[in-house]
Amino acid sequence: MRRLGPSTEGFYDQLLKSCNFLASLRQIHSSLTTSGLINQALHLGAKIIIKYTTYGEPNTARSLFNSIHNDKSYSFLWNTMIRAYANNGHCVETLELYSTMRRSGISSNSYTFPFVLKACASNSLILEGKVVHGDIIRTGFLSDSYVQAALVDMYAKCGQTDDGCKVFDEMSVRDLVSWTVMITAYEQAEKPEEALILFQKTQQEGLLSDSVTIVSVASAVGQLGDVLKAQAVHGYAICNAFLEDLCIQNSIVAMYARCGNVEKARLVFDMMEKRDLISWNSMLTGYIQNGQASEALLLFDEMQNSDCKPNPVTALILVSACTYLGSRQLGRKFHGYIINSNMKIDATLRNAVMDMYAKCGDLDTAENMFNDIHPSERNVSSWNVLIAGYGMHGHGRKALEFFSQMLEEGVKPDHITFTSILSACSHAGLIDEGRKCFADMTKLSVKPEVKHYACMVDMLGRAGCLYEAFDMIKQMPLPPNDSVWGALLLACRIHGEIAANYLFQLEPEHTGYFVLMSNIYAASNKWREVGKLREDMKNKGLKKPAAFSVIEYGKDIQGFHTADRVNPYWKEVYKKVESMAVEIKMAGYMPDLSCALHDVEDEDREHMLNYHSEKLAVAFGIMNLTPEAVVQVTKNLRVCNDCHSAFRFISYIYRRKIIVRDANRFHHFEGGTCSCNDYW
DNA sequence: ATAGGGTTAG
């Protein structure tokens, strides 16, 4: 075999560097093999292994590896193969190769561990990760900063932030990457304050951040929702000339949007010279998070004309928006779009479309879609969608049927399944069945969480089993939180005041409970208490989240907020609500003044009731839809008692089917009654 | 001797 000079190696090096296709890679590979160079210059072989793997040919890479790693004590090639696997998501193979490496007596080094840990991190393999941690200690590589950072990252990605923090604290020297790993860890663990404190420390230590750090920090600020901090991050990026970086621009767009400042997000978005999928998807999400669905739709049109084509994530964002808005018509349009575009529809997207149909009131289509999925392809979420969908409509029996069918088919229910089935039982008043499901949880090895107790309390409370509900709270093995007390408060107004005291200790900032509590006081005419609560709210700077209701009309959507004077049809709609109020009063409707939280005379308070967003939307529907059409409205908050009662009368007098989806469930009004039987 | 860690939309 002829020994080739270094100039030949350099030539191949160049060749590999500029090689962009699988075909040319194969050519280089075969030419190196025939010349025998591949056995002499292993770094060339290593580069080919990496390239094959990134081109989706891990098996070719592996056979090349198998044919050239003849020197048993040589860890370089092993590390290369492990790196190739780990960086391309072949987590099982990474760990398999690592264990072969150990069994063959090849010693690992500081280049081995970061990749093995990465494989553990990306699949949340905490047990394997801990074994590797042990190996690291035994082989004496714990002092290496790359290994340390990878360890912190592994623990964090496996959800064990505390263990990661322990490793971090014990590090003697921390470089920028270790700090960033820890900042990201806190951000991912939804502890944005901690993340920002760490970032402050990097600044105090005089460390210069790079773009990765900024992206993490921006994302932490987004979680925090603090516009001022967002501006500071934006400013920092400008001052340090980071704003050229596409990732940073994207993260700033998302950050502003999550802080509620979509206008600023759009400004940054518009100023970008290049946009990738993440840019468009971030902006779309931003509009939807801020309730600006129509802007999102305009942007989607623009996106289709851009050089960046929508991907499944885009579709997921749009479909979820329709779910949120309750717009079946738009949802159907996007579903059609998804089918016609050639995008890959994975289980997540398909389930999201099913969920859209179920939550927009078209259970038949949801169920048909479900039936079209091959039984082996149905995952827990597919079942959860149907169970939750039927539950929201008050069809508890049907939800239970799906639940038992799911068990028969051997699909293991998860915590969401039980939340859905328990709330289905609650809405349908199926207490015995609900108790049984709750008991089954432990048998099916799903540990009851606080939210499941909240469902139980809600169910028992509604059904009038107040003491059992209260006992349930007292006997919980977990500390009851605001939602548990809130469930008791919502369901049984009689025990409201007891629950309220606990509630305000636990969740002093939660606006919803203030509102609920003032309703309870108002219902028993305790106006002094109502006033005091409202004073409290004002002092704490709390505002009730703005109510809005949405109805489809023609090819468009009409949205109304409380006492709306922005909607173009408001004047006609006001007239209609007022005349309807007169008519249903003659039929026996009594305005429920406790639903109006205003310090005004009764007559005005009654007047105010007319302008609740859901009443405006329903009136709009009755005015504009054909008489036989169902008036379907989606409200972002819980439907109020007064509107609920009014809709019963309206459905009777005007002979209309009215469907209202509120934050909790569907209400089908027909002939003077509601499918929720007046408890919801 | 060759080689390496952290980030953004859902």
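Labels below follow one simple rule: chain letters A, B, ... track the order of the sequence lines, proteins then strands, and each chain is numbered from 1.
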*Asks:* With a non-hydrogen cut-off below 4.0 angstrom, is A/Asn109 in contact with a base, only sugar-phosphate, or nothing?
*Replies:*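 Base: the residue A/Asn109, judged by heavy atoms under 4.0 Å, touches a nucleobase.
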*Asks:* Base, sugar-phosphate, or nothing for A/Val177, non-hydrogen atoms under 4.0 angstrom?
*Replies:*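 The residue A/Val177 makes base contact.
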*Asks:* Considering all heavy atoms of both residues, which atom of A/Asp226 and which atom of A/Cys259 are nearest to each other, and what is their separation?
*Replies:*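 Nearest heavy atoms, A/Asp226 then A/Cys259: N-SG, 3.6 Å.
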*Asks:* Suppose we screen for side-chain contact (heavy atoms from CB on, under 4.5 Å). Which residues come up paired with A/Lys309, at least two apart in sequence or across chains?
*Replies:*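 So A/Lys309 forms no side-chain contact (heavy atoms from CB on, under 4.5 Å) with any residue.
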*Asks:* How is A/Thr314 classified with respect to the nucleic acid when contacts are heavy atoms under 4.0 Å: base, sugar-phosphate, or nothing?
*Replies:*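 A/Thr314: no heavy atom of the nucleic acid under 4.0 Å.
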*Asks:* Would you say A/Arg26 and A/Ser30 are linked by a side-chain donor-acceptor pair, where the criterion is simply a distance under 3.5 Å?
*Replies:*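 No - no donor-acceptor pair under 3.5 Å links their side chains.
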*Asks:* Please list, chain by chain and in numerical order, all residues satisfying salt bridge (charged side-chain N to carboxylate O under 4.0 Å, His left out) with A/Asp372, sequence neighbours excluded.
*Replies:*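 Expected list: none.
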*Asks:* Using side-chain contact (heavy atoms from CB on, under 4.5 Å) as the criterion, list what pairs up with A/Val147, not counting sequence neighbours.
*Replies:*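 Residues passing side-chain contact (heavy atoms from CB on, under 4.5 Å) with A/Val147: A/Ser110, A/Phe113, A/Pro114, A/Ile136, A/Asp144.
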*Asks:* Hey, does A/Ser279 reach any base, or is it just sugar-phosphate, or nothing, if we go heavy atoms under 4.0 Å?
*Replies:*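 No contact.
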*Asks:* Once you round to the nearest 0.5 Å, how far does CG of A/Asp245 lie from OG of A/Ser251?
*Replies:*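 Answer rounded to 0.5 Å: 8.0 Å.
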*Asks:* Classify A/Asp276 by what it touches in the nucleic acid, base, sugar-phosphate, or nothing, heavy-atom distance under 4.0 Å.
*Replies:*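 Counting heavy atoms under 4.0 Å across all strands, no contact is made by A/Asp276.
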*Asks:* Just to verify, what does A/Lys47 make a salt bridge (charged side-chain N to carboxylate O under 4.0 Å, His left out) with, not counting sequence neighbours?
*Replies:*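 By the salt bridge (charged side-chain N to carboxylate O under 4.0 Å, His left out) rule, A/Lys47 matches A/Asp13.
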*Asks:* Which atom pairs, donor and acceptor, lie under 3.5 Å between side-chain atoms of residues 157-171 of chain A and protein residues at least two apart or in another chain?
*Replies:*
{"residue": "A/Lys157", "atom": "NZ", "partner": "A/Asp153", "partner atom": "OD1", "Å": "2.8"}
{"residue": "A/Lys157", "atom": "NZ", "partner": "A/Asp153", "partner atom": "OD2", "Å": "3.0"}

*Asks:* Looking for any heavy atom pair under 4.0 Å, which part of the strands does A/Leu42 touch: base, sugar-phosphate only, or nothing?
*Replies:*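 Nothing: the residue A/Leu42, judged by heavy atoms under 4.0 Å, touches no strand.
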*Asks:* Taking side-chain contact (heavy atoms from CB on, under 4.5 Å) as the definition, give me every residue that meets it alongside A/Val233, ordered by chain and number, with sequence neighbours left out.
*Replies:*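 A/Ile214, A/Val217, A/Ala218, A/Val221, A/Met255.
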*Asks:* Identify, with sequence neighbours excluded, every residue that meets ring pair (Phe, Tyr, Trp, His ring centres under 6.0 Å) alongside A/Phe115.
*Replies:*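 Scan of A/Phe115 (ring pair (Phe, Tyr, Trp, His ring centres under 6.0 Å), adjacent residues dropped) gives none.
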*Asks:* Please list residues of residues 215-231 of chain A whose heavy atoms come under 4.0 Å from any atom in DNA chain B, ordered by number; otherwise none.
*Replies:*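 By residue number: A/Val215, A/Ser216.
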*Asks:* Where along residues 79-96 of chain A does a heavy atom come under 4.0 Å from DNA chain B, residue by residue in number order?
*Replies:*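 The stretch gives A/Asn79, A/Arg83 as the residues lying under 4.0 Å from the strand, ordered by number.
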*Asks:* Kindly state which residues belonging to residues 141-161 of chain A come within less than 4.0 angstrom of DNA chain B, counting heavy atoms of the residue only, listed by number.
*Replies:*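 Heavy-atom contacts with DNA chain B come from A/Asp144, A/Ser145, A/Tyr146, A/Ala149, A/Asp153, A/Lys157.
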*Asks:* Taking ring pair (Phe, Tyr, Trp, His ring centres under 6.0 Å) as the test, write out the residues that go with A/Phe334, two or more places apart.
*Replies:*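 In terms of ring pair (Phe, Tyr, Trp, His ring centres under 6.0 Å), with neighbours along the sequence ignored, A/Phe334 is linked to A/Phe300.
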*Asks:* Do we get A/Arg83 above A/Tyr111's six-membered ring, with its NZ or CZ under 6.0 Å from the centre and within 45° of the axis?
*Replies:*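 That pair does not qualify as a cation-pi contact.
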*Asks:* Any idea which heavy atoms bring A/Cys19 and A/Tyr55 closest together, and the distance?
*Replies:*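 Heavy-atom minimum between the residues: O-OH, 3.2 Å.
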*Asks:* Base, sugar-phosphate, or nothing for A/Ile214, non-hydrogen atoms under 4.0 angstrom?
*Replies:*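 No contact.
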*Asks:* Check every nucleotide of DNA chain B for an atom under 4.0 Å from a heavy-atom of chain A, then give the first and the last such nucleotide from 5' to 3'.
*Replies:*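 Contact boundaries, 5' end first: B/dA1 to B/dG10.
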